[in-house]
Amino acid sequence: MCGIIGYVGYDQATPLLLDGLKKLEYRGYDSAGIAVYDGNLIKIVKAKGRLKSLCDKLSAISLEGHLGIGHTRWATHGKPSEKNSHPIASASKNFAVVHNGIIENYLCLKENLIKKGINFESETDSEVVAQLLDLYYDGDVLNTVIKVINIIEGSYALGIICKNEPETLVAVKKSSPLIVGVGKNENFIASDATAIVSRTKNIIRLKDEEIAIVNKDNIKFYDKNKNLISKDVFHIDWDVSVAEKSGYEHFMLKEIMEQPKAIMDTIKPRIKDGKIFFDGISLSKEKLGNINKICILACGSAYHVGYVAKYIFEKMLRKTVEIDVASEFRYMNPIVDKNTMVIAISQSGETADTLAAIREAKKLGAQALSIVNVVGSSIANESDSVIYTWAGPEIAVATTKAYSTQLSVIYMLAIYMADKLSKVSYEQYNSYIKDLMKIPSEIEKILSGHNLIKTLAKKFYNCKNVFFIGRNTDYAVSLEGSLKLKEISYIHSEAYPAGELKHGTISLIEDGTLVVALATNDLLYEKMISNIKEVKARGATVLTLTSQKHKDIESVSDFNIYVPDISDIMVPSLSVVPLQLFSYYIAYFKNCDIDKPRNLAKSVTVE
Ligand code: F6R
C-alpha cells in the first residue's frame, strides 16, 4: 500500500532515502516525505503529490545526517495532503514515525490522548503511534515500542526514529510487510527489497510483532516479551535492474515482455524427466481422493487466474471448484472443512483480504496451499504449503507477468493432480507437458507482433465503453482483459459471458460500440460466431481474438488478433497477452500514467 524506507550508516541518509522511495513509488504516490536526524534535531520534509514534488523541495534545502526514515503514501485515513503525509512527528518532536497499515482502534486512542492535552496535527490513524511513543517514553526505545504495540490494534509496519537515540532505527510489523537490509557499516529497513537492493542483497524478514533495533553495525531482534531472537539472513538472487525500466518506456511494457522468461523460470525447475514435481508438496492419490471441494481465494487479477483455474480443474479433475473473492469469503460464513482444498493466489503474498480468507478457511479445518510470488511473505508463511511463481519483482501496478506465472502454476497443478487421480492418460499427460513447455516461445511470437496491436489500439483509444465477451476460459480471460483496460486507461469496460449478454446488457450496444470477442475454445467456437453476429446486428464494431486455425472468423469480425494454436486448457496463457498489450497501448495513446494509475497502489495490505 504505502512504501517505507529507513537508513542508518556511514553515508548521507537523504539521497539514499530518496533513491529508495523512487523504487517504492509504485506502492503509493499521493504524497511522500523523509525525516533525518541532523545531529541536533529530527527534521522532516514532506510534499503532496508525486515523489518529484518532494525531490524539488529538497533540492533547495540541505538535510544532512546519517539516520532517517522515508515514506510514500497511498491515503486511507485522511486525504492526500502535506499534513497527512508521513513521517509524522510526536508532539515533543522526540519521535518521527512512518506507518503502513491501519490502526483500527485509533479513534478511541486519539480521544484519550486529546483528553490528556495532546494536540493532533493530522487526520491520520498513524499519528496515534507517534503520540503514544511520546507518552510512554521511559528512556528506552525498545520498552516504549513494546508498550505501544500492546495498545494498538490493526495492521502496521512501522519505522521509528527517536532524537534521544540518534544512532538507532526501530522497525516493527504486524500484518504488513517489513524487512531489514543488512549492509556493511550501514543497515536499512524497507517495506520491500526493491528499495534497498542497490545497496544490499542480504535481507531479514520480520514476522508479526517482532522488533528490530537497527544500528549501523549491529541489528538485534526481540519478541514482544523482550526476548532476544535470532533470525536468518535471506540472500536475494535478483538484481537492481528489475527495479529499473531497462530502456522500456514503462515497467508494464517491460514486464509484459518478460513473460516468456518468467513462465520458463516458473515451470522448468519443476519438470524433471517429463514429470511434474513440486518441492515440499505431497498430494497423494488418497489425499486428493478425499477432497470434496477445491476453494480458490484471491483478489483482482489473481482472482481472474482462479476463474481460469475453475474451468480447468473442473474439466480435468471432475471436482467441484468454488472461486471466491477473498474480501467476500471472509465474511460469508463459508462452507469449508478438512476435506476442502483451499488454494490462495497472490502476487505480493501480503493482500490483507486474501490473508484473512486463508485464516478463516484454516480455522474451519481446511489445508491451505498458496501460489505466491514473494518468498517469505505473510500468505506464504501462513499457508500449509506454497508454490512460488518465479516472476521476479513486479513494479507496474497493473499485473502482467505475475498473472501469467500464476496461470502456469495452475496448469501444472491441474496436470499433476489429474495424473495422481488417474484422470489423464499417459499420452495426454505427455502432450500437456509438451504444450506447457511451448508456452514461452508461443508468447514470444505474440510479443513480436506487438506493433499490430499498437495499430489497433490507436484506432480505439477514444472509445468510451468496451465489452469483452467469451465463453468458458475465454470468459475468464475476458475478465482480465477488461480489468487491464479500465485500470490503466480509465475506459469503462465490462466482461460478459457471451451467452449472457442478450439477457439485458446487449441494450447497451449501439453503433460503433467496441466488442472484443474471444473465441479460442474449439468446442464453443460456433456459439461464439452466433454471439458475434448478435452484437454486430446491433451496430457493434467487433475485434476478435482467436487461434490461427480459425481464420474464417474474418467473415464476421471487423478486426482480428490471432494467437498460435495450442491445447484448449493452455490457450488463456496466450490470449491474455494481446489483451495486456491492447490495454497498454490504449493507455499509452491516451497519455495515461500507465505504471501508476490513479487511485491504485500495488499490494493492498489494508482491508
Ligand atoms: C490488477 C492487480 C490487482 C491484484 C490484486 C491482488 O492489475 O494487480 O487486481 O491482482 O490486488 O494482488 P495480489 O496478487 O498481490 O494478492
Side-chain angles (χ1 to χ4, degrees), residues 1 26-28 74 100 175-177 191-192 194 250-253 255-256 259 262 266 296-309 323-330 343-359 368 370-383 386-389 391-407 409-410 476-490 493 495 576-577 579-584 587 592-607:
M1 208 87 263
Y26 71 98
R27 297 178 67 99
W74 187 84
N100 290 353
S175 304
S176 190
S191 43
D192 81 59
T194 47
H250 297 99
F251 280 111
M252 184 173 174
L253 186 58
E255 288 162 5
I256 289 173
Q259 291 180 108
T266 301
I296 303 178
L297 306 174
C299 302
S301 293
Y303 170 77
H304 297 159
V305 171
Y307 226 108
V308 181
I323 150 97
D324 289 305
V325 167
S327 55
E328 286 297 308
F329 177 89
R330 60 189 291 194
I343 302 179
I345 309 174
S346 174
Q347 184 283 127
S348 60
E350 300 294 347
T351 301
D353 285 319
T354 310
L355 185 59
I358 295 178
R359 287 178 182 156
S370 63
I371 301 171
V372 173
N373 195 41
V374 178
V375 176
S377 55
S378 306
I379 291 174
N381 282 341
E382 294 204 21
S383 301
V386 192
I387 302 175
Y388 284 109
T389 48
E394 197 177 52
I395 307 289
V397 165
T399 183
T400 53
K401 61 175 180 170
Y403 175 99
S404 288
T405 52
Q406 287 160 358
L407 209 50
V409 170
I410 291 295
V477 176
S478 297
L479 290 167
E480 179 60 5
S482 171
L483 178 63
K484 283 284 91 72
L485 184 69
K486 52 193 153 200
E487 68 182 332
I488 60 167
S489 75
Y490 318 137
S493 83
V576 75
V577 177
L579 299 183
Q580 296 165 344
L581 286 166
F582 187 62
S583 300
Y584 171 80
C592 295
D593 194 347
I594 295 177
D595 286 336
K596 303 187 191 84
R598 72 181 176 216
N599 303 339
L600 292 174
K602 193 102 182 145
S603 186
V604 186
T605 53
V606 292
E607 190 176 351

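Keep in mind that this is a model prediction, so the values were computed, not measured. The chain is numbered in sequence order, starting from 1. Just so you know, ligand 1 is whichever comes first in the structure, and atom 1 is the first atom listed for that ligand.
The residue Glu350 has no part lying near ligand 1, judged by heavy-atom distances below 4.0 Å. Contact annotation: for Asn373 versus ligand 1, there are no heavy atoms closer than 4.0 Å.
Using modelled atom types and a 3.5 Å distance limit, the side chains of Ser370 and Ser383 yield a donor-acceptor pair. At a cut-off of 3.5 Å, with distance as the only test, no side-chain donor of Thr400 or Gln580 sits close to an acceptor on the other residue.
Short contacts between ligand 1 and Ser348, defined as distances under 4.0 Å to a heavy atom of the residue, involve ligand atoms 13 (P), 15 (O), 16 (O). Those atoms of ligand 1 with a heavy atom of Ala302 less than 4.0 angstrom away are 10 (O), 14 (O). Within ligand 1, the atoms closer than 4.0 Å to a non-hydrogen atom of Glu487 are 1 (C), 7 (O), numbered from 1 in the order shown. Within the listing of ligand 1, atoms 13 (P), 14 (O), 15 (O), 16 (O) sit less than 4.0 angstrom from a heavy atom of Gln347.
Atom 11 (O) of ligand 1 has Val604 CG2, 4.3 Å as its closest protein atom, hydrogens excluded (heavy atom only). Scanning all protein heavy atoms for the shortest distance to atom 13 (P) of ligand 1 gives Thr351 OG1, 3.2 Å. The single protein non-hydrogen atom nearest to atom 5 (C) of ligand 1 is Cys299 O, 3.5 Å, given as residue, atom name and distance.
For ligand 1, one of its N or O atoms has an N or O atom of Ser301 under 3.5 Å away.
For the pair Glu394 and Lys401, the salt-bridge criterion is not met [side-chain N within less than 4.0 Å of a carboxylate O].
Closest heavy-atom contact between Val374 and Ser377: O-OG, 2.7 Å. Closest approach of Pro393 and Glu255 over heavy atoms only: O-OE2, 4.2 Å. Across every non-hydrogen atom of Ile488 and Ser583, the tightest pair is CD1-O, 3.5 Å. The heavy-atom pair separating Asp595 from Met252 by the smallest distance is OD1-N, 3.0 Å.
Note on ligand 1: Val397 sits in its first shell, one or more heavy atoms being nearer than 4.0 Å.
Considering Glu480, Gln406, Gln347 as possible partners of Ser301, the one that fulfils the side chain to side chain donor-acceptor pair (under 3.5 Å) test is Glu480.
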